[in-house]
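Letters A, B, ... are given to chains in the order of the sequence lines, protein chains preceding strands, and every chain is numbered from 1.
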Number of protein chains: 2
Amino acid sequence: MARRSDHSREEIKEMALIAAEKMILEKGLSGLSARKVAQAIGYTVGTLYLIFKNLDDLILHVNARTLDRLYQKMTADKPLPSDSQNALLQLAQTYISFADEESQRWKIVFEHHSEEEHTPNWYMERVTRMFTQVEKHLQALAPHKSAVEIKNAARAIWGGVHGICILAITGNLGVAGVESVDDLTQSLISNYLKGFTSN
Amino acid sequence: MARRSDHSREEIKEMALIAAEKMILEKGLSGLSARKVAQAIGYTVGTLYLIFKNLDDLILHVNARTLDRLYQKMTADKPLPSDSQNALLQLAQTYISFADEESQRWKIVFEHHSEEEHTPNWYMERVTRMFTQVEKHLQALAPHKSAVEIKNAARAIWGGVHGICILAITGNLGVAGVESVDDLTQSLISNYLKGFTSN
DNA sequence: ACCTGAACACCGTTCAAGT
DNA sequence: ACCTGAACACCGTTCAAGT
């Protein structure tokens with residue numbers, strides 16, 4: 001049994017999140033339990049509740065890390081796309097492959113509706129950050145549009161990409177394979193942009 | 001305690017689903033438990049397992065009923081729209097208000113990923129049925145397109161509408177209110193259609 | 001034949017008591 | 001100060017036994 005001062009609060013937090021991610025990877029959200037996390041890191045459940053408000057809070061932290069990973073992939077250096085439209089398509093593709101490759105991790109971001117009234121700011125910032133990436137390319141593509149129009153277009157497009165992804169993963173789309181998802185997304189974005197930039 | 005032959009299998013099933021829906025309406029998926037459903041209908045848990053394979057199966061049946069309700073709203077007689085584009089926008093609006101008004105019920109359709117390898121046919125049919133509605137109007141709008149093109153466009157659009165909805169409801173969109181969701185959807189559909197019908 | 005009741009192996013969360 | 005251990009009030013699922 002671990003004794004006090006074996007690890008700092010931060011160390012325990014980190015260990016717990018890593019253990020939780022491993023369980024989620026293996027068996028999804030239903031494979032996760034506070035007791036199992038505690039056991040995996042060599043502490044009792046009680047200790048976990050000194051660090052996280054509850055299991056929901058722990059999951060929220062896992063989700064924040066998932067958003068971090070995705071953001072990293074979205075901002076990683078890639079062969080420079082020929083134009084902003086291709087940059088957007090590439091962003092979408094990154095999103096789709098992330099959802100595909102890390103589907104267990106990714107699903108939970110939307111499966112888990114925190115009981116809290118108000119999603120904490122440190123979490124919301126991670127969401128906003130992703131939209132900013134999309135807005136950047138949209139602005140370059142349609143310089144005559146207002147900030148509000150760009151903001152809305154980013155949300156429409158990104159919502160669209162996300163919707164196709166999640167319907168595919170939950171089996172509610174009636175298609176199979178990453179390629180189909182890719183095709184649908186390409187179609188969605190390029191047709192949308194044709195309309196968006198023409199007025 | 002209920003005794004045998006008090007109710008038929010079908011009656012018990014119906015009672016259980018109604019009780020489950022009530023719990024979901026009040027406290028979401030986490031407010032649902034097999035034991036509570038059993039108690040609510042005056043039978044023991046054991047009986048529930050004679051009728052449903054497990055709790056997942058029960059939830060799948062609840063979801064099928066949710067899809068039925070939505071489908072009914074989507075096919076209900078409305079003031080006839082002036083054209084197919086407006087018909088599509090109206091379908092989307094129906095979807096959005098359903099997601100808004102019955103959000104607890106609706107969320108679960110996508111929260112719940114059945115452990116089964118293969119989603120049963122009776123469930124998939126209810127999903128396909130909705131896409132058929134969208135395809136109908138798309139076909140009228142773009143008669144020169146092939147069946148495959150129509151099918152994909154329907155999935156792209158509907159995925160898009162869905163994505164905006166679910167991001168809004170899970171607080172991952174950074175906007176609030178049904179109106180914003182409506183606006184984003186209108187923008188998504190009309191811009192997409194402009195591109196789709198022009199080639 | 002239909003249903004129960006009790007068992008099994010788990011949960012999340014709290015908190016007095018130990019070191 | 002930090003952590004434990006045991007308690008409380010729950011779970012899903014199974015299945016021998018009762019009527």
Residues forming a ring pair (Phe, Tyr, Trp, His ring centres under 6.0 Å) with B/H137, sequence neighbours excluded: none

Below 4.0 angstrom, N of the basic side chain to O of the carboxylate: do B/R65 and B/E14 qualify? yes

Does the distance from a Lys or Arg side-chain N to an Asp or Glu carboxylate O, for B/E102 and B/K107, drop under 4.0 Å? no

May I ask you to check whether B/H162 and B/F110 place their ring centers less than 6.0 Å from one another? yes

Taking the P atom of each, how far is D/dA9 from C/dC10, in whole Å? 22 Å

Between C/dT13 (P) and A/Y49 (OH): distance, integer Å: 3 Å

Check this for me, if you would: do B/K73 and B/E101 make a salt bridge, where the nitrogen-to-carboxylate-oxygen distance has to be below 4.0 angstrom? yes

Please state how far atom CD1 in B/I12 lies from atom P in C/dC2, giving the value in whole angstrom units. 10 Å

Which dot-bracket string fits DNA chain D when only Watson-Crick or G-U wobble pairs with both atom distances under 3.5 Å count, crossing pairs get [ ], and | stands for a partner on a different strand? ||.|||||...|||||.||

Check whether any side-chain nitrogen or oxygen of A/T47 sits under 4.0 Å from OP1 or OP2 of D/dT4, and answer yes or no. yes

Charged N to carboxylate O below 4.0 Å: is that the case for A/D68 and A/R129? yes

For the pair made of CG in A/L58 and C1' in C/dT13, what is the distance, rounded to whole Å? 14 Å

Take the protein atom CG of A/L50 and the nucleotide atom C1' of D/dA1, then report the distance between them rounded to whole Å. 11 Å

Going by salt bridge (Lys or Arg N to Asp or Glu O under 4.0 Å), A/E135 matches just one of A/K151, A/R155, A/K145. Which one? A/R155

Report the distance from atom CG of B/L48 to atom P of C/dG5, rounded to the nearest whole Å. 15 Å

Quick one: what's the B/S/- string for nucleotides 6-11 of chain C, heavy-atom cutoff under 4.0 Å, read 5' to 3'? -B---B

Rounded off to whole Å, could you give me the CD-to-C1' distance for the B/E11 and C/dC3 pair? 16 Å

When rounded to whole Å, the CG to P distance for the pair A/D6 and D/dA1 reads 19 Å

A/Y43 has an atom OH; how far is it from atom P of C/dT13, in whole Å? 21 Å

If you measure only the distance, is there a donor-acceptor pair under 3.5 Å linking the side chains of A/T185 and A/Y95? no

Any side-chain donor near an acceptor of the partner, B/K78 and B/T94, under 3.5 Å: yes

